[in-house]
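Here is the structure we will look at, set down as C-alpha cells.
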Amino acid sequence: MSRFGATILGCEGLRLSSGEKAFFRDVRPFGFILFARNIESADQVRALCDELRACVGYDAPILIDQEGGRVQRLRAPLATEWTPPLEFVEAAGEAAVRAMYLRYRITAHELMAVGVDANCAPLVDVACAETHPFLKNRCYGMTAETVAALGRAVADAMADGGVYSVLKHIPGHGRAQSDSHLDLPRVNAPAEDLLQDFAPFKALNDLPMGMTAHIVYEALDDAPATTSPKVMGMIREDIGFDGLIMTDDISMKALSGPLADRARQSIAAGCDVILHCNGDLGEMREVAEAAGDMTGAAERRAEAVLKARPVPQTVDIAALTAELEALMSGRENG
C-alpha cells in the first residue's frame, strides 16, 4: 500500500468534524486545500492546519490560492490586500521582477504565520487579447519570456519564505475564451503556436508541484489536458516537468461525467493526484475511492516534494514592505 492516497482535499468549515477526521485518517490524502470558508482568524487557521496534519500523521502540504487580487483567500487583517497581478506588473514597469519577488515574499510570510505552506502560484499562463476575463488579470504578462521571468521571481520568493509553489495551469490556459469553472474551453491554435504558451512551464519545470488546465487543445487531442494521456505525456516529456501533478479542481464544469469517472480518467492519463475543493464529504468519498492510492511514480514524486521542503529564511518584512512601497511609488530606480 502506498503511503499516500492520490488526493488533495478540502474541508467544510472552520474546524474538522468527527466524520472528516475519520475519513482523512482512512484515505490519507497527500495534502489539503483551504478556502475562504475555512478562514476566520489566525489562531483558528493554525488550529485547523494542525488538525488536518494530525489526521494523516505527517507534515502534509496545506495549499491555498493566494495570488492577490480576486483570487486571494486570506484577506486583511490576516494578509495584505493586493491588486491583481497583471495590474501590479504593469504599475511596476521595469521593476516588475523585484516587485513580484517582494510581493510574494511578503505573501509567503503571511501564509506561514497561519500554518499554510503551499501557494497555488506562480500562474504562468500567457495572456493574449482573447484571454477570458476570469483569468486575464491573474496573468503576469503577454509574452512567454516576461511571464517566465516573473514566474521565477514568484517561485523564488515563496521558497525563500518556506512555501511550496504549485505551477499552473499546465500546459497553458491563456488562449481559453471561456471560464473552465463553467464550460470546457477549446483552443484551436496550431501546435507551433502552442509551443509559445508552453515555454514558461518548460522554463519552470523544476518546481515541485503543478496543476493541470481543464482545456482541450485541438491540435493535440480531443480530450481535456487533465484526462488526456497524450497531453500529460507531452507535459512530462516535452515540457520536462517531473514534479507532482495535481488536477485542477475535479468538480469544475469543464469536465463532465460522474466525479469517480473524472478521477479515474485523470489518474489513467498520468495525473499524480486528484484535487477536490468544495469540502463535500460525500463527493470526497467518491473521489478518494476512485483515485485510490498513489502509483509508484506518483509516490516517488510526492516523497521528493516532502524532501525538498523549503526552509524559511530570516527576513525583515517591514523593510521589504518599505522597499516595495518605494519601488511602486517610483522613488526608487529598479
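Positions are given from 1 along the sequence.
- Counting heavy atoms from C-beta outward, P312 and D160 have side chains that stay 4.5 Å or more apart.
- The existence of a salt bridge linking D272 and R301 is confirmed by a sub-4.0 Å separation between a basic side-chain nitrogen and an acidic carboxylate oxygen.
- Taking the side chain as every heavy atom from C-beta outward, C49 and V114 never approach each other to under 4.5 Å.
- Counting heavy atoms from C-beta on, the side chains of V56 and R3 never come closer than 4.5 Å.
- No side-chain donor from either of S251 and E283 sits under 3.5 Å from a side-chain acceptor of the other.
- Contact detail for T212 and T247: the closest heavy-atom pair is OG1-CA, 3.3 Å.
- There is no path of hydrophobic side-chain contacts, each under 4.5 Å, that joins V216 to L220.
- Using a 4.5 Å heavy-atom threshold, the side chains of F201 and I235 count as separate.
- Taking CD1 of I8 as the reference point, atom CD1 of I62 lies at 11.0 Å (rounded to 0.5 Å).
- Salt-bridge annotation for D206 and R152: present, with a side-chain N of the basic residue lying under 4.0 Å from a carboxylate O of the acidic one.
- Nearest approach of L78 to I39, heavy atoms of both residues: CD1-CG2, 3.7 Å.
- Of the possible donor and acceptor atoms, one in the side chain of K136 sits under 3.5 Å from a partner among the backbone N and O of C128.
- Ion pairing between R186 and E218 holds under the 4.0 Å rule for side-chain N and carboxylate O.
- Using a 4.0 Å cut-off between charged nitrogen and carboxylate oxygen, K168 and D248 do not count as a salt-bridge pair.
- For the pair D59/R309, a side-chain contact is recorded, criterion being any heavy-atom separation below 4.5 Å from C-beta on.
- With hydrogens and angles disregarded, a donor-acceptor distance shorter than 3.5 Å links the side chain of H214 to the backbone of D249.
- The main-chain N or O of E81 is never found under 3.5 Å from a side-chain atom of R75 such that the two would form a donor-acceptor pair.
- Closest approach of R262 and G257 over heavy atoms only: NE-O, 2.9 Å.
- Side chain to side chain, D221 and S228 meet the donor-acceptor criterion of an N or O pair below 3.5 Å.
- Counting non-hydrogen atoms of other residues, nucleotides and ligands closer than 6.0 Å to CD of E12 gives a total of 12 or fewer.
- When all heavy atoms of T80 and E110 are compared, the closest pair comes out as OG1-OE2, 2.5 Å.
- Ion pair R70/D65 not flagged as a salt bridge, since none of the NZ, NE, NH1 or NH2 atoms sits closer than 4.0 Å to an Asp/Glu carboxylate oxygen.
- Atom-to-atom distance recorded for L207:CG and S165:OG is 5.0 Å, nearest 0.5 angstrom.
- Between H173 and F134 there is a side-chain heavy-atom pair separated by less than 4.5 Å.
- We find that D280 and R285 are not joined by a salt bridge, their nearest charged nitrogen and carboxylate oxygen being 4.0 Å or further apart.
- Residues Y58 and F4 place their aromatic rings such that the two centres sit under 6.0 Å apart.
- Judged by distance alone, with hydrogens and angles left aside, the side-chain atoms of N119 form a donor-acceptor pair with the main-chain N or O of Q66 at under 3.5 Å.
- A ring-centre distance under 6.0 Å is found for F32 and F24.
- Contact check on R25 versus E20 returns no salt bridge, with no Lys/Arg side-chain nitrogen under 4.0 Å from an Asp/Glu carboxylate oxygen.
- Using a 4.5 Å cut-off on side-chain heavy atoms (C-beta onward), L52 and L16 make contact.
- Heavy-atom neighbours of E289 CD from other residues, nucleotides or ligands within 6.0 Å: at or below the threshold of 12.
- The pair R175-D125 fails the salt-bridge criterion, with no side-chain N (NZ, NE, NH1 or NH2) lying under 4.0 Å from an Asp/Glu carboxylate O.
- For the pair M246 and C271, the minimum side-chain heavy-atom distance is 4.5 Å or more.
- Residue M100 is grouped with residue V315 when hydrophobic side chains (ILVMFWY) are merged at heavy-atom distances under 4.5 angstrom, including chains of intermediate members.
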